[in-house]
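Values in this document were obtained by computation on a predicted structure and should not be read as measured data. Just the heavy atoms: all of them, side chains too, but no hydrogens, waters or symmetry mates, feed the values below.
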Protein chains: 2
Amino acid sequence: MTGLSDVGERPPRDRAATRRRLLDAARRLFAEHGYDHVTVRMIAAAAGANVALINRYFGSKSALFAEVLAGEPTVRAVIDGDAAGLPRRLAEHVVRQIHTGAESPVLRALDRSVGSVELKPLLRERMENAMVRPLAARLTGPDARVRALLAASVLMGGGTLRRLLGLDDLRSADRELLTARLTAVFEACLTEAPSLR
Amino acid sequence: MTGLSDVGERPPRDRAATRRRLLDAARRLFAEHGYDHVTVRMIAAAAGANVALINRYFGSKSALFAEVLAGEPTVRAVIDGDAAGLPRRLAEHVVRQIHTGAESPVLRALDRSVGSVELKPLLRERMENAMVRPLAARLTGPDARVRALLAASVLMGGGTLRRLLGLDDLRSADRELLTARLTAVFEACLTEAPSLR
DNA sequence: AACGCTAGTATACGCTTGTTTACATGTCAA
DNA sequence: TTGACATGTAAACAAGCGTATACTAGCGTT
């Protein structure tokens, strides 16, 4: 057992490459299982590297997680753009994730790692800066932050539930209908003046 | 150090009472920190009981969690009732939780415990039986299950995000307006035929 | 008063965790 | 070729985990 498992030919003794492999393995594993259920030994094995190198190259497990987090794309691209099409874009984003299974690893890691005390400030800051604040910035009218929080809730909640129950049901649903429904949901979240009832 | 911490006078050698204290402590701790971050020693300390009693009375940590789960009230009371008022009732339910802070421990435990492999079937079954299925049963028309899943997502997502970001923003929001907005959200989730756009 | 049963205790077991240490090995300049 | 340094390895570390075991102490029955 040399420690190689996933990886084929690789140039020996390449610091940068090894670091990258560790980072990639960490990203994948954190996304799938969450922070707590991934051990440094799992990461090392998946990267075909030695456990000690994680601490050598990243300092600690949580520092590695932080670097994974920092490297992940945000939903900024979806949020930016004309405010009118925002609900529709958010809906399409969710539907796309459902169908491709390419849900953002950072989101998947997020809701599986909320319990960790050491990670909470990190995750909090990330959610705030990458989702809530930019979303609120695009909204006019009162309660912009509340509405942004609502929309962010929907974005988060889908992940948790989908992973718990499986996404087969949602996948098999009519795609255009689902997008329309989600658009309505996000509109209800974000609209300036909901009709009181 | 006698092991008492939280608990005042208690009748000595009372099996039923000790069991109940352990169950209560477990419910509170699981709800606050999630399954993984609660140790049996924490539970025992909070209950003013000995660690070994957990295994004696419940068999194992996960069996204790299962019993906590089984004892928790579900959202059935909110779901049951006339179908027309369902979105409004769900919205009021969420707003009530925000304002009282009395969010269901089971929900709080849920999204903090999704990562645990041993718990997944348990949680999955719970979500399915206590939320998705009864919700879908109240809906008419096609895609009932998809719509129920959507509503359940919103219910789940709020918890995760709220805990991550704090609920002060939502608390300070106008209560009636928030309810109206959430009603619209749930209507968008549950309505039979969303307008295509 | 002595027994037996049971609630409760103290402690140890085996294992896993993140991290650190001591060492081996490959690479390159001198 | 040799020495220095960077890279990777194996093993050990201390701490924490869930669980099991051997024990003590209280209570009711006889």
Classify the ring geometry of B:Y35 against B:F30: parallel below 30°, tilted from 30° to 60°, perpendicular beyond 60°. parallel
Residue whose nearest DNA chain C nucleotide is more 5′ - A:V40 or B:N50: B:N50
B:D14 CG to C:dT9 C1', in whole Å, measures 17 Å
Any side-chain heavy-atom pair of B:F186 and B:V94 under 4.5 Å: yes
Is the closest side-chain heavy-atom distance between B:L135 and B:L86 below 4.5 Å? yes
Euclidean distance, atom NE2 of residue B:H33 to atom P of D:dC17 [Å, nearest integer]: 13 Å
A:R20 CZ - D:dT7 C1' separation (whole Å): 16 Å
Can you tell if the side chain of B:H37 reaches within under 4.5 Å of the side chain of A:D36, non-hydrogen atoms only? yes
Is the shortest heavy-atom distance from the side chain of A:R27 to the side chain of A:E72 under 4.5 Å? yes
Check whether any side-chain heavy atom of B:H33 lies under 4.5 Å from a side-chain heavy atom of B:M42, and answer yes or no. yes
Measure the spacing between CD of B:E67 and CG of B:L22 and express it to the nearest 0.5 Å. 10.5 Å
Atom-pair distance (CD1 on B:I43; C1' on C:dG8), nearest Å: 18 Å
Please give, in whole Å, the distance from C:dT25 C1' to A:R15 CZ? 17 Å
So do the side chains of B:F58 and B:L23 get within less than 4.5 Å of each other, counting heavy atoms only? yes
Checking C:dT17, D:dA10, D:dA20 against the side chain of A:T39 (C-beta onward), the nearest is C:dT17
Could you identify which residues of residues 53-64 of chain A place a heavy atom less than 4.0 Å from some atom of DNA chain C, listed by residue number, or say none? A:N55, A:S60, A:K61
I'd like a list of close polar pairs between nucleotides 26-30 of chain C and the protein, N/O only, cut-off under 3.5 Å.
{"residue": "C:dG26", "atom": "N2", "partner": "A:R13", "partner atom": "NH2", "Å": "3.4"}
{"residue": "C:dG26", "atom": "N3", "partner": "A:R13", "partner atom": "NH2", "Å": "3.2"}

note: B:F65, atom CZ; D:dC17, atom C1'; distance rounded to Å ~ 18 Å
Would you mind reading off the distance between A:H37 atom NE2 and C:dG18 atom C1', rounded to a whole angstrom? 16 Å
Figure out the OH/P separation between B:Y35 and D:dC17, and round it to whole Å. 13 Å
The side chain of B:R41 lies closest to which of these nucleotides: C:dA12, D:dA20, C:dT19? C:dA12
So, does A:R147 use its side chain to make a donor-acceptor pair with the main chain of A:T140 at under 3.5 Å? yes
